[in-house]
Amino acid sequence: MRCAEAQKTMQNQNRGKTVAAREDLNLWTIVARQFDKAAATLDVPKGLLEQIKACNAVYYVQFPVKIGERYEIFQAWRAEHSQHRKPTKGGIRYSDFVTQDEVMALAALMTYKCAIVDVPFGGSKGGICFNPKNYTREQVERITRRYAAELVRKNFLGPGVNVPAPDLGTGEQEMAWIADTYDQLTPGQVDSLACVTGKPVTQGGIRGRKEATGRGVQYGIREAFKHKEDLKKFGLAGGLEGKRVAIQGFGNVGYHVARFLSEDDGCRIIAIGDVNGGVTNPDGLNIAALAEHRAKTGGLVGFSGGAELKGPRDVLEVECDILVPAALENQIALDNVDRVKTRMIAEAANGPTTLAADEKLNQRGVMVIPDIYLNAGGVTVSYFEWTKNLSHIRYGRMEKRLDEMHREKLVATIEQVTKMKVPDRLRRELIQGAEEVDLVNSGLEGTMQNAYREIRETLLADPRLGDLRTAAFAVAIKKVARSYAELGVFP
Ligand code: NAD
């Protein structure tokens with residue numbers, strides 16, 4: 001009941017009843033229609049398409065947890081959309097707005113996302129319907145551990161079965177509790193740590209995972225900016241330097257996108273919004289100062305480095321070159337799409353644009369880099385973490401010193417041949433072997449580059465696809481279909 005009431009309140013607050021009633025905001029329906037659009041262009045048997053589209057399994061559970069002096073009932077889900085590759089993989093979301101349809105849709109997006117970036121997992125997603133901000137850390141821990149225990153009981157958690165990760169409202173701490181609960185309930189399993197990713201580095205996590213989704217978004221946008229002839233069609237020119245960026249969401253994903261695009265690419269972050277409003281400054285926001293303000297006050301409101309944005313969706317209407325929705329689904333919808341003033345939408349969140357809004361954006365010539373590609377950095381680095389946990393050794397540990405010795409020899413040879421000394425700073429840079437985080441980021445960058453090129457080439461090869469999202473779905477469907485066919489499920 002609590003979930004249904006919360007959803008009604010959000011719709012009324014965010015949109016106004018009449019407009020919301022005009023379009024379907026059910027994410028499961030939206031994803032299914034996006035799938036159908038791409039599927040119509042493919043030579044894949046109908047039965048197989050139906051199998052790929054369906055959600056294979058959903059576990060719904062409700063459980064009691066003692067909160068203060070009384071027991072509260074929590075509703076939770078874990079969906080496995082496709083097991084064509086195992087384990088299945090996907091985040092866990094804590095929010096008042098979690099529903100079964102949302103979890104199934106997000107699991108489906110995970111299947112397609114993994115296929116697009118060639119990560120060998122099926123898609124999954126989970127969620128508990130509650131707002132963690134209304135509970136103490138001890139209470140959130142109890143709720144998390146109970147949820148994990150329920151998943152173990154039904155075989156919805158395990159290194160070879162189903163491997164969760166962080167999503168909206170969850171982070172490293174929750175993942176560490178899940179890993180510990182799993183270990184307690186299944187003692188003696190040597191691969192136990194691989195039951196969940198996004199853990200703290202000291203608990204079997206991998207360097208670069210926390211930042212990975214934001215990093216992937218940065219790499220994806222950079223890749224798009226390499227294709228100048230494509231950008232021209234959308235009225236974009238030049239490089240990323242100086243581009244005005246507005247971001248909805250200043251959580252794990254939004255914060256890192258803001259940091260990386262401003263620090264590494266010279267973008268101007270002119271507006272950031274979150275659940276309580278936001279802040280805008282045409283000269284560019286100081287991201288470090290804003291993060292400090294949020295750490296002190298819990299939000300963006302009252303930040304002295306910019307003007308206030310009142311509502312949670314106001315940031316989407318700030319005129320900019322690149323708009324990055326990095327909060328939640330259905331944010332760009334029929335009721336605000338005509339006021340969105342940007343040339344590019346980089347979908348860091350899952351499902352931030354409704355179907356009708358997407359069509360309007362395409363007609364208006366706004367470039368949309370779709371979620372199923374752009375936010376795949378998280379699952380890509382989760383894959384690296386999972387393989388690290390299974391191999392029980394940190395990336396780079398075996399080869400780093402050997403690599404450095406080879407480099408030292410190379411520099412010495414250059415000095416000998418040229419009879420010149422390599423300057424100290426350059427020498428240090430040349431000699432240093434790769435750390436774990438360097439390997440992670442280089443693997444992620446290569447993955448995001450290759451995936452973008454594959455989507456782009458697919459679109460160029462078949463103009464019926466029309467846009468990057470439909471092309472990305474086509475790439476994903478073809479790969480999943482091939483996998484099912486090879487498994488012999490659909491000979
Ligand atoms: P988070 O909980 O760390 O941050 C969420 C942010 O969104 C916060 O700033 C919050 O204030 C804001 N927000 C919440 N409700 C809002 C509303 N109604 N209006 C405006 N802003 C609102 O979550 P996150 O991990 O950064 O995830 C953000 C999005 O990215 C989600 O759609 C998630 O599914 C997607 N995503 C996350 C990851 C990951 O690795 N964390 C990976 C892939 C995709």
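Counting starts at 1 for both ligands and their atoms, in listed order. Fair warning: this is a prediction, and the values are worked out from it, not measured in the lab.
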Check: V253 N/O within less than 3.5 Å of ligand 1 N/O: yes
N or O pair under 3.5 Å between G251 and ligand 1: yes
Side chain, backbone, both or neither: the part of Q248 lying under 4.0 Å from ligand 1 by heavy atom: side chain
Short side-chain donor-acceptor distance under 3.5 Å, R209 and S382: yes
G249 N/O to ligand 1 N/O under 3.5 Å: no
Ligand 1 contacted by E347 (non-hydrogen, < 4.0 Å): no
Proximity winner for atom 33 (C) of ligand 1, if only heavy atoms of D167, N375, L168, D96 are counted: D167
Residue pair R142 / Q139, side-chain donor-acceptor N/O under 3.5 Å: no
Location of contacts on A348 toward ligand 1, heavy atoms closer than 4.0 Å: backbone
More than 12 heavy atoms from other groups under 6.0 Å of CZ on R453: yes
Donor + acceptor pair across side chains of Y147, T181 (<3.5 Å): no
Proximity winner for atom 41 (N) of ligand 1, if only heavy atoms of N252, N350, D371, L328 are counted: N252
Test side chain to side chain contact (heavy atoms under 4.5 Å, CB included) applied to Q331 and R313, step by step: CA-CA 7 Å; Q331 294 303 295; R313 294 205 299 160; 3.3 Å; yes
Test side chain to side chain contact (heavy atoms under 4.5 Å, CB included) applied to R469 and T353, step by step: CA-CA 11 Å; R469 188 190 313 281; T353 314; 4.1 Å; yes
Parallel, tilted or perpendicular: rings of Y112 and H81 (30°, 60°): perpendicular
Those atoms of ligand 1 less than 4.0 Å from some heavy atom in G169: 2 (O)
Shortest reach to atom 38 (C) of ligand 1 by a heavy atom, considering only V379, T213, V275, V315: T213
Ligand 1 contacted by A326 (non-hydrogen, < 4.0 Å): yes
Non-hydrogen atom of R93 closer than 4.0 Å to ligand 1: yes
Contact check: A327 vs ligand 1, nitrogen or oxygen atoms, below 3.5 angstrom: yes
P312 neighbourhood, listing ligand 1 atoms whose heavy-atom distance to it stays under 4.0 Å: 19 (N), 20 (C)
Ligand 1 versus R209: contacting region, heavy-atom distance under 4.0 Å: side chain
Among Q83, H84, E80, side-chain hydrogen bond (donor to acceptor under 3.5 Å, both in side chains) partner for N56: Q83
Contact check: K125 vs ligand 1, nitrogen or oxygen atoms, below 3.5 angstrom: no
Ring centres under 6.0 angstrom apart (Y452, Y219): no
Plane angle bin for Y135 and F130 - parallel if under 30°, tilted between 30 and 60°, otherwise perpendicular: perpendicular
